[in-house]
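Take a look at the structure set out below.
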Amino acid sequence: MSATKNKRNIELYKGVDFRRELTFREKKVAEIKREKMKILADVKPVPKYMITVDLSHARGNLDALRMCLSELEWKQYPFGRKDQHCDIHWQCQNFEQNPDLYGGKVNKFPGISCICSKNNLFRVLDQMRALYPDDYDFYPRTWYLPEQLQQLAHDIRKMNEKRVKPRPTFIVKPDTGSQGEGIYLIRDVQDYLVNNGRANVCQEYLSDVFLIDKFKFDLRVYAVLKSVDPLELYICKEGLARFSTVPYESPTSRNIHETFMHLTNYSLNKKSTSFNRSDRDDEGSKRTLTSVFSRMQRHGYNTDKIWKRIEHIIVKTMIAIIPDMKIEMLAALPPNKPGPTCFQILGFDILLLHNLKPILLEINSSPSLRIDSEVEVAPGVVDYVPSPKDEEVKIPLIRDTLLLVAPKKKVNYLESFREVVHGETCKSFASERQKRRRARRERRRQKRDEDDRKRKEEEASRPPVQHERDGVIHVETQHPRSSIVIIKSQEDDDPPKKLNRESSFLLPSVHNVFTNRNENDYFNKDQNQNSLKNDEMDSLTFGYGERTDFIDRIEDDENVTVERLTRENLIDHENSHTKEMYSKSNIGNKTSTGNQYDQDIDNTGNEINNDMRYSDNKDSDYMIGQGDGCHNDRGTEESSNSEEEIDSEPYVSCLKELYPDPLAKKFEHLRIYEKLAEVFMVSLGVRATQRLGPTGFRTFSRKCRLNKKGITNATIDILFIDMQRKWEHVNPERTTGLGFRGFLDACHEIARRKFANGNMLQTMEDFIDYCLDNLHEDQLFQARCNPRLLPRRARPHGYPILEPMVSPTSPMILEENIGVLLESRLAGRNYSKPTSAEDVDQFLRRHGQLRALKTTVKRVKSRNKKKEKDE
Ligand code: ADP
């Protein structure tokens, strides 16, 4: 018994061994294949103007990216490139994922995930709100837990005493959480779960939200940050709306736990049984932003105004976080070292209140770029299916981002790209290629026609040749690819069997692949394909010209069809999915379905009236007359798929510039903290650190000459310790020193004590001006002593450094500031501001001595006097 058992076991083991060996072998083969591909990727020469993309750190779902890259015909490097850096590096997590980059562009900014964490973001916004309360009123009031637990308890108690209606509710969110994970609603501090002291933000729960179909929803708006210094920001005209899956009710103690009612995250709601996966534009739990806006427009809401406010929110938020980003950039990419430049796609979550005021909920630094969705095919078994709405939004977003950041030199090489990138319109990306192909095809066709004509003329001049071989008569036709074979029957009265060697095999396949014609147009299906109808046979036997015409006709059909398909971009692209998206994106944002909506109104008119229950008391500013004020960027024209339209449709990028043009003028004044970031960076001393130690803080005080204002070193030390303690919780790694936000707080404190000027903004501005003036002088002094102290980029060639390290956004830009400097230097010496700052600047560069200013001023004055006299 045991022997048989052993035998069976041995067999079993053998089986297992065999299987294991198989898997080993498979793995080995896969590895070898991978290695081969790596080598191939390295060895294959790349054309000079080919744009290259490194995907070696882009794990996860890359469908959308790959589709865009193959559509643009850019070179992908799945394993990276060894010989040199790629033009674009696409990373899935963060900048730090690949610290060895020395060139190209990378799709992540250093440290941005920390900057965009809820805790940090709302603190940053709070600091801006302190200076600009009217500008920064677009996010809910926030408490930082656990440090502000007492404050929260106090505020709740006050609200309850005031009997605020409806009873306030609060939403608690984990600091670094995402996808709705760990979020819950509370009405009292006791409900707060301490959760091991994990950092949370608690926000006022906005219960008065705008509903569609009785469901709460939020908007995902995409922005592309092209550069930080100078700030260049774009917004994507299309976005997504994510709906909750349980009809919304104001929070009560009964429904407070219903996540599917209060949270709109896709990742949560997809698990709901009532999740609607409809592919129709204005249906389903996920919709495009255009479809939602179109619907609102049809009900008289001014979506233009909403969109404008969303744009403002994005710009203001970016202005708030830019100082932190600059500091991170300085640490990760010191200016005197080679390194990549960065860009990033950001996702802004926006909630619409019932008065249609947009509210910022969070910034997602790595928004999902998936274009598929999860479907449960059987209990517990999920499958991924393409999601057309995601494709409609994300593919143009990725493609236009790639075009935006691609190296200009290479982009300029291709006319169609150039037009797109420089903001003009072009027919399509493929138009160039199509034109070339069409021209090539035309040339080939002409050549063939010419040959045919010549051959026909030759043939016509001599009688047809027939020769008999093995009882079969071969008749040479005029067409080069066809000859007719007449099989001689055994009996004379049998009709001779004929077949056309070429046509009998070629034609059906041509027919199937390229034409829509019925097969019976060419063959009678009932008959044996090898034998043709008698009358056809006659024409074949005796009319060579007709037969060749017939074949020519088919070839012509083939050409016409190939041309048609090429025009539709079907042959050019291997991937049919890409083709679909391509044609979709070419029709641009028109999918907002003029006609379809008209139908929908008719069908669902009653329902909409019920849904828009806030329409009576909505903010009249947002109301427009029916059919008025369409959101211009999102067309509401009828969509059409006709070939001609697709071909002639101009390409319009889905990205619209926000900053510098058109919003820089409007919001430039908000960039006040960037000046303090410069002071902070100068005080840091040692590069590659983002925290200011006690010595650094003293340096700051010394450089800015705070002692002149009565701030002693002891005060500075005490302030440093206080601030370090206060901001310890935003320093989870417990590294010593004061981060930029703590530094800013310290500056507020100093300004409040020594520069108080009635209003907070004015106080801060005075303080910053004072610091910059002193720092400026100090830097000039230092530069004269030791030019090497300043970074290389600030050093003009051949001259000692005379310019401070300034960014173009800083008001320290030379001309005016030297004027200001002169004024302060020569104050009380009966001197008026020099008329030409340029002269002064030139002089400074030449001599590097402030003392010599007097002579310059004199010279300028005398020159001016001369001019006046001459005039
Ligand atoms: P996560 O990063 O986990 O997605 P969010 O801040 O985006 O967290 O919040 C998740 C959802 O909770 C949002 O989509 C929104 O529906 C809801 N929500 C968040 N904050 C508020 C708020 N202050 N008032 C009302 N609803 C909110």
Side-chain angles (χ1 to χ4, degrees), residues 112-123 125-126 137-145 152 155-156 159 166-187 192 195 198-212 214-222 239-252 255-272 275 285-287 289 292 310 313 317 346-368 370:
I112 197 162
S113 48
C114 275
I115 294 169
C116 292
S117 73
K118 293 184 183 79
N119 205 327
N120 195 66
L121 175 69
F122 291 108
R123 277 176 197 276
L125 292 176
D126 277 350
D137 63 344
F138 54 78
Y139 65 95
R141 193 175 165 198
T142 310
W143 292 264
Y144 309 96
L145 305 182
L152 177 67
D155 291 339
I156 293 180
M159 284 181 213
R167 198 180 153 197
T169 309
F170 302 89
I171 183 165
V172 180
K173 312 182 207 174
D175 174 30
T176 47
S178 63
Q179 307 188 335
E181 174 234 342
I183 296 182
Y184 55 96
L185 304 190
I186 57 169
R187 299 194 117 180
Y192 171 65
N195 197 6
R198 200 179 156 191
N200 285 300
V201 293
C202 175
Q203 285 183 330
E204 184 190 343
Y205 183 77
L206 304 167
S207 55
D208 229 2
V209 287
F210 187 80
L211 304 177
I212 290 183
K214 297 182 185 152
F215 293 106
K216 180 180 172 179
F217 67 97
D218 74 348
L219 303 175
R220 163 57 62 85
V221 182
Y222 296 94
L240 289 169
R242 289 93 47 101
F243 286 72
S244 60
T245 42
V246 168
Y248 183 76
E249 287 165 20
S250 293
T252 59
N255 69 25
I256 206 169
H257 305 293
E258 290 211 39
T259 41
F260 294 150
M261 179 192 285
H262 294 293
L263 307 188
T264 51
N265 298 74
Y266 164 73
S267 42
L268 283 179
N269 281 287
K270 72 181 177 192
K271 292 172 198 154
S272 164
F275 188 83
S285 301
K286 196 189 251 189
R287 305 180 195 179
L289 196 136
V292 170
I310 291 176
I313 289 178
T317 312
L346 299 167
F348 286 75
D349 287 353
I350 306 277
L351 191 71
L352 278 189
L353 294 188
H354 94 272
N355 60 6
L356 299 183
K357 181 180 175 186
I359 295 287
L360 176 75
L361 293 182
E362 71 158 340
I363 307 180
N364 220 310
S365 58
S366 293
S368 161
R370 289 188 81 111

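The chain is numbered in sequence order, starting from 1. Ligands are counted one by one from 1 in listed order, and the atoms in each one are counted from 1 as well.
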Which residue owns the protein heavy atom closest to [atom], what's the atom, and how far is it?
atom	value
atom 4 (O) of ligand 1	Asn265 ND2, 2.5 Å
atom 24 (N) of ligand 1	Leu206 N, 2.9 Å
atom 7 (O) of ligand 1	Glu362 OE2, 3.2 Å
atom 3 (O) of ligand 1	Gly180 N, 2.7 Å
atom 19 (C) of ligand 1	Lys173 NZ, 3.4 Å
atom 8 (O) of ligand 1	Ile183 CD1, 3.4 Å
atom 21 (C) of ligand 1	Leu361 CD2, 3.7 Å

Any Glu204 heavy atom less than 4.0 Å from ligand 1: yes
Region of Val209 engaging ligand 1 - heavy atom pairs below 4.0 Å: neither
Location of contacts on Ile171 toward ligand 1, heavy atoms closer than 4.0 Å: side chain
Selected option - heavy-atom contact closest to atom 12 (O) of ligand 1, from Leu263, Thr142, Leu219, Leu268: Leu263
Identity of the nearest option to atom 26 (N) of ligand 1, non-hydrogen atoms only, from Lys216, Glu181, Gln203: Lys216
Closer than 4.0 Å to some heavy atom of [X] - which atoms of ligand 1 meet that?
X	answer
Pro140	23 (N)
His262	16 (O), 17 (C)
Gln179	1 (P), 3 (O), 4 (O)
Asp349	7 (O)

Whether Phe170 and Trp143 hold their rings parallel, tilted or perpendicular, with breakpoints at 30° and 60°: perpendicular
is_close_aromatic(Phe275, Tyr266), centroid dist under 6.0 Å: yes
Heavy-atom side-chain contact between Ile112 and Leu346 under 4.5 Å: yes
Nitrogen or oxygen atoms of Leu351 and ligand 1 under 3.5 Å apart: no
